[in-house]
Amino acid sequence: MNRRTLMLLSGGALVAGFGGAAWWAARPSQKDSGAALDPELLERLERGYSPSFGATDAPVTIVEFLDPACEACRAFHPIVKDILKKYPDDVRLVLRYTPFHGYPSEVAIKILETARLQGVFEPVLEALFAKQNVWAAHGAPSVEKIGAVAKVAGLDVEAAAKQMKMPDIVAIFNQDKADVEAVGIRQTPTFFVNGKLLDPFGEAELRALVDAEVAQSGK
């Protein structure tokens, strides 16, 4: 990655950082645990552009609100992958972005969207989680290292520096941000399974809720 590309990545991140910091302070409280979302909010759980894994006609959909810089998201990543492996035809995963960790998260999210354009979304996501301690270290996050990690995973960072500014990618980032605010997400990861908020939160609880929804589907 050359110096100019690093400057483009860093410059965009710093501008986004001011808005991200203000949004962090203004985040609304989450809906009451277990409360049913109204139809309008249910529609906000998933967008047509949202990254997804699994069978498109699966009867069970997990929606995960995640932040690439979130340690708990990294910890739950192999758990969610294991659930998809257990139910390859019955469970689908939809990812939504929540840049709660400021400008490094915002840059990582936009990098992921450029990776999707380039057909390397999954390996870049895996790399960002695997090397999270490198680029998202507490007190010393590094935008430059985000690009370096993504490059090793197959991202063309020269192209990504331009793609990050594309209206479609900016619109996806802004829409996810608006949906996070509307639904009232205040921590990551937050899971919904067929529209039901996972509460209490935990690995056993997530697995149990998915098992119950699959059983209820009759498949």
Side-chain angles (χ1 to χ4, degrees), residues 9-10 12-33 35 37 41 44-47 49-52 62-80 93-116 121 124-147 149-150 164 169-193 197-203 205-206:
L9 292 175
S10 301
L14 288 172
V15 171
F18 291 103
W23 178 53
W24 170 268
R27 281 182 293 143
S29 298
Q30 189 151 334
K31 302 297 179 184
D32 293 338
S33 297
L37 293 176
L41 293 184
R44 285 180 174 267
L45 287 184
E46 179 181 348
R47 296 289 178 178
Y49 61 76
S50 300
S52 65
I62 301 172
V63 177
E64 178 183 2
F65 287 85
L66 65 77
D67 184 330
C70 163
E71 293 178 354
C73 296
R74 181 189 66 196
F76 265 81
H77 185 60
I79 295 168
V80 175
L93 171 67
V94 174
L95 301 181
R96 303 302 305 275
Y97 300 125
T98 54
F100 284 173
H101 287 72
Y103 75 85
S105 296
E106 297 190 12
V107 173
I109 287 167
K110 291 176 181 177
I111 284 287
L112 282 170
E113 281 304 299
T114 65
R116 186 145 61 120
F121 179 88
V124 170
L125 176 64
E126 295 286 343
L128 289 180
F129 276 139
K131 298 294 185 180
Q132 188 187 78
N133 64 322
V134 172
W135 64 269
H138 292 303
S142 172
V143 172
E144 294 181 1
K145 290 179 181 178
I146 298 174
V149 168
M164 286 171 65
I169 287 182
V170 174
I172 287 172
F173 178 85
N174 290 337
Q175 184 63 67
D176 272 21
K177 184 174 174 179
D179 288 341
V180 165
E181 291 185 16
V183 177
I185 305 301
R186 64 181 183 87
Q187 61 187 15
T188 53
T190 292
F191 293 98
F192 289 84
V193 181
L197 174 66
L198 178 67
D199 182 75
F201 178 85
E203 175 183 353
E205 290 79 4
L206 176 60

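Excluded from the calculations below are hydrogen atoms, water molecules and symmetry mates; all remaining heavy atoms, backbone and side chain alike, are included.
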Closest non-hydrogen atoms of P78 and A75, given as atom of the first, atom of the second and distance, are CD-O, 3.4 Å
Residues at least two apart in sequence or cross-chain that pass side-chain hydrogen bond (donor to acceptor under 3.5 Å, both in side chains) with E205, listed by chain then number, are none
For F201, the ring-ring contact (aromatic ring centres under 6.0 Å, His included) test, sequence neighbours excluded, returns F76
With heavy-atom distances below 4.5 Å as the criterion, would you say the side chains of F192 and V94 are in contact? no
In this structure, CD of Q187 is separated from SG of C73 (nearest 0.5 Å) by 10.0 Å
NE2 of H101 to CG of D67, rounded to nearest 0.5 Å, is 5.5 Å
- request: Compare all side-chain heavy atoms of L206 with those of V193 and state whether any distance is below 4.5 angstrom.
  value: yes
With sequence neighbours left out, the residues meeting side-chain contact (heavy atoms from CB on, under 4.5 Å) with Q132 are E71, R74, F129, W135, A136
When every non-hydrogen atom of K110 is compared with those of F173, the smallest separation belongs to CE-CG, 4.0 Å
Sorted by chain and number, sequence neighbours left out, side-chain contact (heavy atoms from CB on, under 4.5 Å) with V134 holds for K131, K145
E46 meets the salt bridge (Lys or Arg N to Asp or Glu O under 4.0 Å) criterion, sequence neighbours left out, with R92
Minimal heavy-atom distance between S105 and P99, with the atoms involved, is CB-CA, 3.7 Å
| query | Any donor-acceptor pair under 3.5 Å linking the side chain of R96 with the backbone of L45? | reply | yes
I'd like to know if the side chain of E113 pairs up with that of Y97 as donor and acceptor (distance under 3.5 Å, no hydrogens or angles considered). yes
The side-chain hydrogen bond (donor to acceptor under 3.5 Å, both in side chains) partners of T114 (sequence neighbours excluded) come to none
dist Q175:CD -> S50:OG (nearest 0.5 Å) comes out at 9.0 Å
Looking at side-chain heavy atoms only, is the closest gap between L95 and L125 below 4.5 Å?
yes
Looking only at heavy atoms, the pair that brings I146 and L128 closest together is CG2-CD2, 4.1 Å
Smallest heavy-atom separation, A178 atom then R44 atom, equals O-NH1, 3.7 Å
Sequence neighbours excluded, the answer for side-chain contact (heavy atoms from CB on, under 4.5 Å) partners of A171 is none
Separation between CZ (F191) and CG (L93), nearest 0.5 Å, reads 8.0 Å
To the nearest 0.5 Å, atom CG of D176 lies from atom CD of E181 at 11.5 Å
* I172 versus R116: any side-chain heavy-atom pair under 4.5 Å? -> yes
Rounded to the nearest 0.5 Å, the OG1 atom of T188 sits from the CZ atom of F100 at a distance of 6.5 Å
